[in-house]
Student: 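Have a look at this one before I ask anything.
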2 protein chains.
Amino acid sequence: AGDAEAGKAKAAVCAACHGKNGIAAIPGYPNLAGQNEQYLVSSLKAYKNKQRNGGQAAIMQGQAAGLSDEDIANLAAYYASLPADGGE
Amino acid sequence: AGDAEAGKAKAAVCAACHGKNGIAAIPGYPNLAGQNEQYLVSSLKAYKNKQRNGGQAAIMQGQAAGLSDEDIANLAAYYASLPADGGE
């Protein structure tokens with residue numbers, strides 16, 4: 001499993017769209033807080049591999065392109081660890 | 001926007017993987033409870049159009065194939081209306 005602390009350090013750029021607490025402020029963008037960790041890994045890899053298209057996928061393809069497998073694991077651990085209701 | 005009550009009626013098949021309360025019981029499957037409504041619409045359409053691949057996407061391509069735009073709107077409204085922490 002990933003390192004949530006390391007993921008937090010990497011997540012600053014994600015917050016612009018997905019919210020500081022993992023609750024997206026922008027309609028059409030998914031909340032990530034409390035999401036299933038394995039699903040987050042799978043999704044990020046699918047974006048990185050350009051297997052996900054449609055919607056805003058092109059943005060995430062670009063964001064995920066620079067992430068290592070370790071980065072992906074850490075980010076997934078971080079967002080999975082946040083409370084799903086956005087509370088602190 | 002969709003009709004959450006109509007979405008609920010259509011969601012029985014979704015619950016097998018995504019949980020009765022929208023919290024997935026199976027690792028690797030996303031929670032849907034409290035997710036952004038527009039994102040859910042966008043995702044379901046991307047699966048229906050086979051724009052999403054990788055991970056377990058083939059399963060969702062099949063599930064979404066039979067959904068009308070109205071079904072998609074209703075399902076998105078339903079899952080977006082559920083509490084993100086799975087509470088009743």
Side-chain angles (χ1 to χ4, degrees), chain A residues 1-2 14-61 63-65 67 69 72-73 75-77 79-88, chain B residues 1-2 14-61 63-65 67 69 72-73 75-77 79-88:
Chain A
C14 315
C17 294
H18 293 286
K20 192 162 183 290
N21 58 354
I23 305 296
I26 310 174
Y29 285 70
N31 304 326
L32 303 179
Q35 187 51 277
N36 183 281
E37 185 171 348
Q38 282 182 234
Y39 174 71
L40 291 172
V41 169
S42 167
S43 304
L44 278 168
K45 289 185 175 176
Y47 284 119
K48 183 178 176 180
N49 296 333
K50 302 192 191 303
Q51 293 174 302
R52 273 197 176 191
N53 297 279
Q56 305 297 315
I59 297 173
M60 278 305 302
Q61 288 182 6
Q63 293 295 329
L67 299 176
D69 283 358
I72 287 173
L75 285 164
Y79 280 109
S81 77
L82 297 180
D85 64 1
E88 295 294 311
Chain B
C14 314
C17 294
H18 293 287
K20 192 162 183 289
N21 58 354
I23 305 295
I26 309 174
Y29 285 70
N31 304 326
L32 302 179
Q35 187 52 278
N36 182 280
E37 185 171 349
Q38 281 182 236
Y39 174 71
L40 291 171
V41 169
S42 167
S43 304
L44 278 168
K45 289 186 175 176
Y47 284 120
K48 183 178 177 180
N49 296 333
K50 302 191 192 304
Q51 294 173 301
R52 273 198 176 189
N53 297 279
Q56 306 296 314
I59 297 172
M60 279 304 302
Q61 288 182 7
Q63 293 294 329
L67 299 175
D69 283 359
I72 287 174
L75 285 165
Y79 280 110
S81 77
L82 297 180
D85 63 1
E88 294 296 308

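Computed over heavy atoms, backbone and side chain alike; hydrogens, waters and symmetry mates excluded. In the text below, chain A, chain B and the rest are named by the order of the sequence lines, each starting its count at 1.
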Student: Does the side chain of A:P30 reach to within under 4.5 Å of the side chain of B:Q35, using non-hydrogen atoms?
Tutor: yes

Student: Within this structure, what is the OG-CD distance for the pair B:S43 and A:Q56, rounded to the nearest 0.5 Å?
Tutor: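 Nearest 0.5 Å value for the OG-CD distance: 11.0 Å.
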
Student: In terms of heavy-atom proximity below 4.5 Å to chain B, should A:I26 be classed as side chain, backbone, both, or neither?
Tutor: backbone

Student: Any idea which of B:G55, B:P27, B:A24, B:A46 has the most non-hydrogen atom pairs under 4.5 angstrom with chain A?
Tutor: B:P27

Student: How far apart are the closest heavy atoms of A:Y29 and B:Y39, and which atoms are they?
Tutor: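 Shortest heavy-atom separation between A:Y29 and B:Y39 comes out as C-CB, 4.1 Å.
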
Student: Quick check: does any side chain N or O of B:D85 sit under 3.5 Å from a backbone N or O of A:D85, one acting as donor and the other as acceptor?
Tutor: no

Student: Answer with side chain, backbone, both or neither: which region of B:N49 has an atom nearer than 4.5 Å to a non-hydrogen atom of chain A?
Tutor: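 Neither; nothing under 4.5 Å.
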
Student: Between A:N31 and B:G34 (side chain of the first, backbone of the second, donor and acceptor by atom type, cut-off under 3.5 Å), is there such a pair?
Tutor: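 Yes: the side chain of A:N31 pairs with the backbone of B:G34.
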
